[in-house]
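The analysis underlying the following values was restricted to heavy atoms, covering all of them including side chains, and did not include hydrogens, waters or symmetry mates. Atoms within a ligand are numbered from 1 in the order they appear, just like the ligands themselves.
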Amino acid sequence: MSAHGDPAPLQSRRAGPLRGTVEVPGDKSISHRALILGAMAVGETRITGLLEGQDVLDTGRAMAAFGAEVTRHGPGEWTVNGVGVGGFAEPDHVIDCGNSGTGVRLLMGAVATHDMSVTFTGDASLNGRPMGRVTDPLAQFGARAVGRSGGRLPLTLVGAAQPVPVRYATPVPSAQVKSAVLLAGLNTPGQTVVIEREATRDHSERMLAGFGAEITTCDTDEGREITLTGHPELTPQQIAVPRDPSSAAFPVCAALIVEGSDVLVPNIGLNPTRAGLFETLLEMGADLTYENQREEGGEPAADLRARFSPDMRGIRVPPERAASMIDEYPILSVVASFAEGVTDMPGVAELRVKESDRIDAMAHVLRACGVEIEDGPDWWRVTGRGAGGVPGGATVAARLDHRIAMSALILGMASREPVTVDDASPIATSFPIFEALMKDLGASLTQETE
Ligand code: S3P
């Protein structure tokens, strides 16, 4: 079932080579944060290049429900008139975050230190995901959460009237948990400290500093320690959202496995906490180059050029790299299916609690398409078919997960027989123009009626 209506099956089949330039949308992580911090500053924040995917639109609606003025002026161009730290109003309705774990977890953090109650819900995927990882540290600030069994949504959060600062070591590598704690720390006196054993994406830290918060990061024996001083006056910003490396991953990987392809994906943010996939592909022998390397808004960026790479080999992906490519394992497993030899992916328990259990979801996709895969609680291993090619020829389940749907469709672009996804509508959460862009490059995607 689709999140917002009837299922929309989509079939992908082998066509000619993929060629051309593809402008992928804005970064999802940065887009959420721009709206939230814009709402917590006093005055008008201007955003360009905002991702207009459903996840981000849901966060924008939530910010309006908390009292900020959120206005769209044109494609990707938005303004947020913020209410200041501590200025949120209690919404008079339930906050529906749709499919977005980032949206709901960051919002819970932002409201946890306001004296008000907010009820959150989401779609079937989000309502099945663990929220204790966020409500546990928020309880230390003084907030209370009452949800369904296992701490799942729908959930009501009663914010702390007199929050106390916390020092919190994240038990799982999660930028969402880290960010929820930092956002809660904004309306808390004193210093809030988060320690993470493994570095996760640092967009919150960078953007908080950009908005004028006092925030420092240092490496200690325990890991990365981030200290935020509460009650800052956040000043409105102009934010140009860079393009999303996690979306770029799809056309890049498609080009690597579709014969004769040559695709340019310009202006991709290459923040080291996000770029692990590209490093992995290079180690596998991908013909991938970074052109026009530069700095954009304090972040490294480049144009990515990917060409058909028939000689890729399986590798062991170092577990310490997992956080920097956590959303890219589904599409990596597709590339691994076409490589020669085994690709080992250890240290990835977090994949079990994403929009779907992504190891299980991709295991079903790959097996149905004739690829051998083994898995355990925190690892999986794909045996590539190399020169033998991938048979394909299956209808597979997207499980309300955009990245599973896109990965399966890319598989169908290079397999011998077509691959059909039962419901491609979740793709709109992060990459609404995926189908149009891939068709522009030469892909064959056709809507199926069941
Ligand atoms: C995100 C963090 C990651 C990632 C998600 C976006 C973020 O989740 O999977 O797509 O913007 O902070 P976790 O924090 O659960 O690892």
Side-chain angles (χ1 to χ4, degrees), residues 25-37 50-51 53-56 58-59 97-110 122 125-126 128-137 151 153 168 170-184 194 196-208 224 226 241-242 244-250 269 271 273-277 299 319-332 347-359 361 378 400-404 406-407 426-427 429-431:
D27 190 284
K28 182 153 72 73
S29 293
I30 296 176
S31 294
H32 281 293
R33 288 160 172 80
L35 290 171
I36 295 171
L37 288 184
L50 188 86
L51 167 65
Q54 193 55 47
D55 280 9
V56 175
D58 286 336
T59 290
C97 290
N99 191 249
S100 182
T102 306
V104 77
R105 292 184 176 133
L106 268 54
L107 290 177
M108 284 201 274
S125 154
L126 187 58
R129 296 178 67 184
M131 293 299 145
R133 55 178 53 200
V134 172
T135 53
D136 288 351
L153 301 178
Y168 189 71
T170 55
V172 287
S174 167
Q176 293 174 358
V177 174
K178 169 178 66 178
S179 303
V181 174
L182 292 173
L183 289 169
V194 187
E196 51 179 9
R197 258 197 311 274
E198 298 162 48
T200 64
R201 65 191 68 194
D202 61 359
H203 305 302
S204 296
E205 297 92 303
R206 286 176 189 250
M207 205 181 283
L208 278 163
R224 227 156 145 246
I226 304 137
V241 179
D244 199 325
S246 298
S247 295
F250 294 102
N271 179 317
T273 61
R274 292 289 296 282
L277 171 74
E299 301 241 2
E320 59 275 13
R321 193 182 291 162
S324 70
M325 53 179 287
I326 196 67
D327 291 334
E328 283 64 76
Y329 280 94
I331 189 62
L332 175 65
V348 290
E350 281 295 295
L351 291 181
R352 300 265 183 210
V353 290
K354 293 294 178 188
E355 285 83 330
S356 66
D357 174 340
R358 285 183 167 160
I359 296 178
D378 66 348
L400 284 182
D401 188 330
H402 53 135
R403 300 199 200 280
I404 301 302
M406 288 187 278
S407 298
I427 294 173
T429 60
S430 71
F431 199 163

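- Under a 4.0 Å criterion applied to the non-hydrogen atoms of Ser174, ligand 1 contributes the atoms 13 (P), 14 (O), 15 (O), 16 (O).
- A salt bridge is defined here as a Lys NZ or Arg NE, NH1 or NH2 lying under 4.0 Å from an Asp or Glu carboxylate O, and Arg274 with Asp327 fails to meet this definition.
- When only non-hydrogen protein atoms are considered, atom 11 (O) of ligand 1 lies nearest to Ser29 OG, 2.7 Å.
- Atom 8 (O) of ligand 1 has as its closest protein heavy atom Lys354 NZ, 3.0 Å.
- Of all protein heavy atoms, the one closest to atom 6 (C) of ligand 1 is Thr102 OG1, 3.2 Å.
- Salt bridge Asp401/Arg358: present, at least one basic N to carboxylate O contact under 4.0 Å.
- Applying side-chain hydrogen bond (donor to acceptor under 3.5 Å, both in side chains) to Thr200 and the options Glu196, His203, Glu198 leaves one that passes, Glu196.
- The closest approach between a heavy atom of Arg33 and any atom of ligand 1 is below 4.0 Å.
- Test Arg133, His32, Arg105 against Gln176 for side-chain hydrogen bond (donor to acceptor under 3.5 Å, both in side chains) and you get one pass: Arg105.
- Of the protein's non-hydrogen atoms, Asp327 OD2, 3.3 Å is the one closest to atom 4 (C) of ligand 1.
- The N/O atoms of Arg403, backbone and side chain alike, include none that comes under 3.5 Å of an N/O atom in ligand 1.
- Not a single N or O atom of Val177, backbone or side chain, sits closer than 3.5 Å to an N or O atom of ligand 1.
- Per-residue contacts place Ile326 under 4.0 angstrom from the following atoms of ligand 1 (heavy atoms of the residue considered): 9 (O).
- Counting heavy atoms from C-beta on, the side chains of Arg352 and Asp378 never come closer than 4.5 Å.
- Asn99 contributes a side-chain N or O that, together with a main-chain N or O of Leu400, makes up a donor-acceptor pair within less than 3.5 Å.
- Residues Thr102 and Asp55 have side chains not in contact (no heavy-atom distance under 4.5 Å, counting atoms from C-beta outward).
- Atom numbering of ligand 1 starts at 1 in the shown order; those under 4.0 Å from a heavy atom of Arg201 are 1 (C), 2 (C), 4 (C), 6 (C), 7 (C), 11 (O), 12 (O).
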